[in-house]
Amino acid sequence: MKFATKVIHAGITPDPSTGAVMTPIYQTSTYVQEAPGKHKGYEYARTQNPTRTVLENNLAALENGTHAICFSSGLAAMDAVLKTLNPGDEILSTNDLYGGSYRLMRRVFEKYGIVSTFIDLGNPATLKAALNENTKLIWAETPTNPMLNVLDIQAICEVVKNIDPLITVCVDNTFASPYLQNPLDLGADVVLHSATKYIGGHSDLVLGALVVKDEARANEFYFLQNAVGAIPGPQDCFLALRGIKTLHLRVERTCQNAERVAETLANHPKVSKVYYPGFEHHAGHAIAKRQMRHFGGMVSFDLVADSFEAAEKVLSGTHLFSLAESLGGVESLIGHPASMTHASIPREQRLKVGLTDSLIRLSIGVEDADDLIDDLKSALEKI
């Protein structure tokens, strides 16, 4: 099936008991057993839930994987990946990533002897030099949050696997969504999604997912899902399935809008720099063009007046762009990474990757592009 058909049909069949077209919300904690251990595939809702099963089957198909494992949030999914490591193991991660991911690695797992090293994963020579006998996991985020750097997934996998095929490569695919990019096809072992974002698409759920092709790896994640219990409820799974049905339509529109917004900002006298992979001068443009189906719905930009005070005037001056955390919904959002999503990263480290105090991140929605552009122009005039 083509992608637009997968979002509607892959892993989804009418409910066998009623014929309902939409997957029901199985709001139950337990299931009747005919005899001890003899049941219809479901025994306790932490372990299995029919609504979650359908969602997992659908997500696996969208990422061209064989298994998807859903969690209560994107960070809960990441937590499961990191729990496959042992004390003394090392994670090599991109040096530009979501603040919550950085926080989990540094402030939680380093207490248990799992070391995180942050490098430029976009440079194959840097990656090759950093690999060592303790390296067990590569954590790649592309496009990155919020600088929108683009990593060559296939090149990373080739460098790593040529040295040690047992090193796991996990790609956080949240910014791209399965519609724009499929890391498993490029050699990655695990794909992570904060399904809260583009997959859900309506800012009304929190959910995470891992997708893999390897059954042994899937079973390890299923074990952790059940043992730890960080599962999504059936209502959230239902909402994610609902959102997926329009994923391709929503992402197409956000990509179109983002391109126009980025072009407008690039020509505005109060904007010093725009970060958007769709620009030919963007360092990762060629990779994005080859690796993604479009350039995404995220845009970041710096102000000529490089200060938090200037950014604050823009952030509080919009009407259609809502000042809020998160991204990937149908509505446009505006945020200040330095004080919001990336506040947990030390300022000196933020500045090294270009994340300034004036950097503003936009999640472009599906509104009319002209209205979004007028809203931003009006806010910029307040500086």
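Just so it is clear, the values below take in all heavy atoms, side chains as well, and ignore hydrogens, waters and symmetry mates. Fair warning: this is a prediction, and the values are worked out from it, not measured in the lab. Sequence positions, counted from 1, serve as the residue numbers for this chain.
Looking only at atom types and distance, the side chain of Q235 has no donor-acceptor partner in the side chain of Q27 under 3.5 Å away. With hydrogens and angles left out, the side-chain atoms of R217 and T168 include a donor and acceptor closer than 3.5 Å. No donor-acceptor contact under 3.5 angstrom links the side chains of K245 and N58, judged on distance only. Side-chain contact of D96 with T94: a donor-acceptor pair under 3.5 Å is absent, judged by distance alone. For the 3.5 Å distance criterion, the side chains of E367 and S332 qualify, holding a donor opposite an acceptor. If you check the side chains of E90 and T117, you find a donor sitting under 3.5 Å from an acceptor.
Under the 6.0 Å cut-off for aromatic ring centres, H294 and Y179 do not qualify, their centroids lying 6.0 Å or more apart.
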Report the C-alpha separation of L376 and H268 in whole Å, then their side-chain angles, then the decisive distance to 0.1 Å, and conclude whether the side chain to side chain contact (heavy atoms under 4.5 Å, CB included) test is met. CA-CA 10 Å; L376 289 170; H268 199 285; over 6 Å; no

What do the steps show when you test E331 against S203 for side chain to side chain donor-acceptor pair (under 3.5 Å), and what is the final call? CA-CA 8 Å; E331 63 289 305; S203 302; 2.6 Å; yes

Verdict with reasoning, H248 to R293, per side chain to side chain contact (heavy atoms under 4.5 Å, CB included): CA-CA 11 Å; H248 57 306; R293 297 181 183 92; over 6 Å; no

In sequence, state the C-alpha distance, the side-chain angles, and the governing distance for R350 and D357, and then conclude on salt bridge (charged side-chain N to carboxylate O under 4.0 Å, His left out). CA-CA 9 Å; R350 286 193 276 107; D357 291 337; 3.8 Å; yes

Check the pair K273 / D306 against salt bridge (charged side-chain N to carboxylate O under 4.0 Å, His left out), numbers first and verdict last. CA-CA 11 Å; K273 188 171 184 179; D306 184 15; over 6 Å; no

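Residue L82 holds its CG atom at 6.5 Å from OG of S116, rounded to the nearest 0.5 Å. Atoms CD and CD1, from E133 and I167 in turn, are 11.0 Å apart once rounded to the nearest 0.5 Å. To the nearest 0.5 angstrom, I345 atom CD1 is 7.5 Å from F118 atom CZ. In this structure, the separation between CD1 on I156 and CG on L121 is 5.0 Å, given to the nearest 0.5 Å.
Cluster annotation: V353 is not connected to M340 through the hydrophobic network of ILVMFWY side chains, with a link wherever side-chain heavy atoms come within less than 4.5 Å. V81 and I69 end up in the same hydrophobic cluster when Ile, Leu, Val, Met, Phe, Trp and Tyr side chains are linked at under 4.5 Å. L249 and V7 fall into different hydrophobic clusters, where Ile, Leu, Val, Met, Phe, Trp and Tyr side chains are chained together by heavy-atom contacts under 4.5 Å.
Atom CZ of R347 has 12 or fewer neighbouring heavy atoms from other residues, nucleotides or ligands inside a 6.0 Å radius. Heavy-atom neighbours of K289 NZ from other residues, nucleotides or ligands within 6.0 Å: at or below the threshold of 12. Within 6.0 Å of the NZ atom in K161, the count of heavy atoms belonging to other residues, nucleotides or ligands exceeds 12.
With contacts defined as side-chain heavy-atom distances shorter than 4.5 Å, the pair L85/Y112 does not qualify. Put simply, the side chain of F3 reaches to within 4.5 Å of the side chain of L247, judged on heavy atoms. Looking only at side-chain heavy atoms (C-beta outward), S194 and I199 stay at 4.5 Å or farther from each other. Looking at heavy atoms from C-beta onward, M105 lies in side-chain contact with L97 at the 4.5 angstrom threshold. For the pair I163 and K128, the minimum side-chain heavy-atom distance is below 4.5 Å. Put simply, the side chain of P143 does not reach to within 4.5 Å of the side chain of Y275, judged on heavy atoms. Side-chain contact between N226 and R46: present, with at least one pair of heavy atoms (C-beta onward) separated by less than 4.5 Å. Within the 4.5 Å cutoff, no side-chain heavy atoms of T84 are placed close to those of L137.
Looking at residues two or more places apart in sequence or on another chain, you find no side chain to side chain donor-acceptor pair (under 3.5 Å) involving Q256. Annotation: ring pair (Phe, Tyr, Trp, His ring centres under 6.0 Å) contacts of Y42 (sequence neighbours excluded): Y31. Annotation: side chain to side chain donor-acceptor pair (under 3.5 Å) contacts of T174 (sequence neighbours excluded): D172. Residues meeting the salt bridge (Lys or Arg N to Asp or Glu O under 4.0 Å) test with K83, sequence neighbours left out: D79. Residues meeting the side chain to side chain contact (heavy atoms under 4.5 Å, CB included) test with N257, sequence neighbours left out: R253, I364, A369, L372.
Summarising the geometry of Q291 relative to L186, their closest heavy-atom pair is CG-CD1, 3.5 Å, with the distance given to 0.1 Å. In terms of heavy-atom proximity, S177 sits nearest to Y198 at CB-CB, 3.9 Å. Of all heavy-atom pairs spanning C70 and Q225, the tightest one is O-NE2, 2.7 Å. Between S272 and L303, the shortest heavy-atom contact is OG-O, 3.4 Å. Taking each heavy atom of T51 and N49 in turn, the nearest pair found is N-OD1, 2.9 Å.
The pair D120-K352 does not meet the salt-bridge criterion, since no charged nitrogen lies less than 4.0 angstrom from a carboxylate oxygen.
Applying the ring pair (Phe, Tyr, Trp, His ring centres under 6.0 Å) test to every pair with at least one member in residues 325-370, sequence neighbours left out, gives these pairs: F308-H336.
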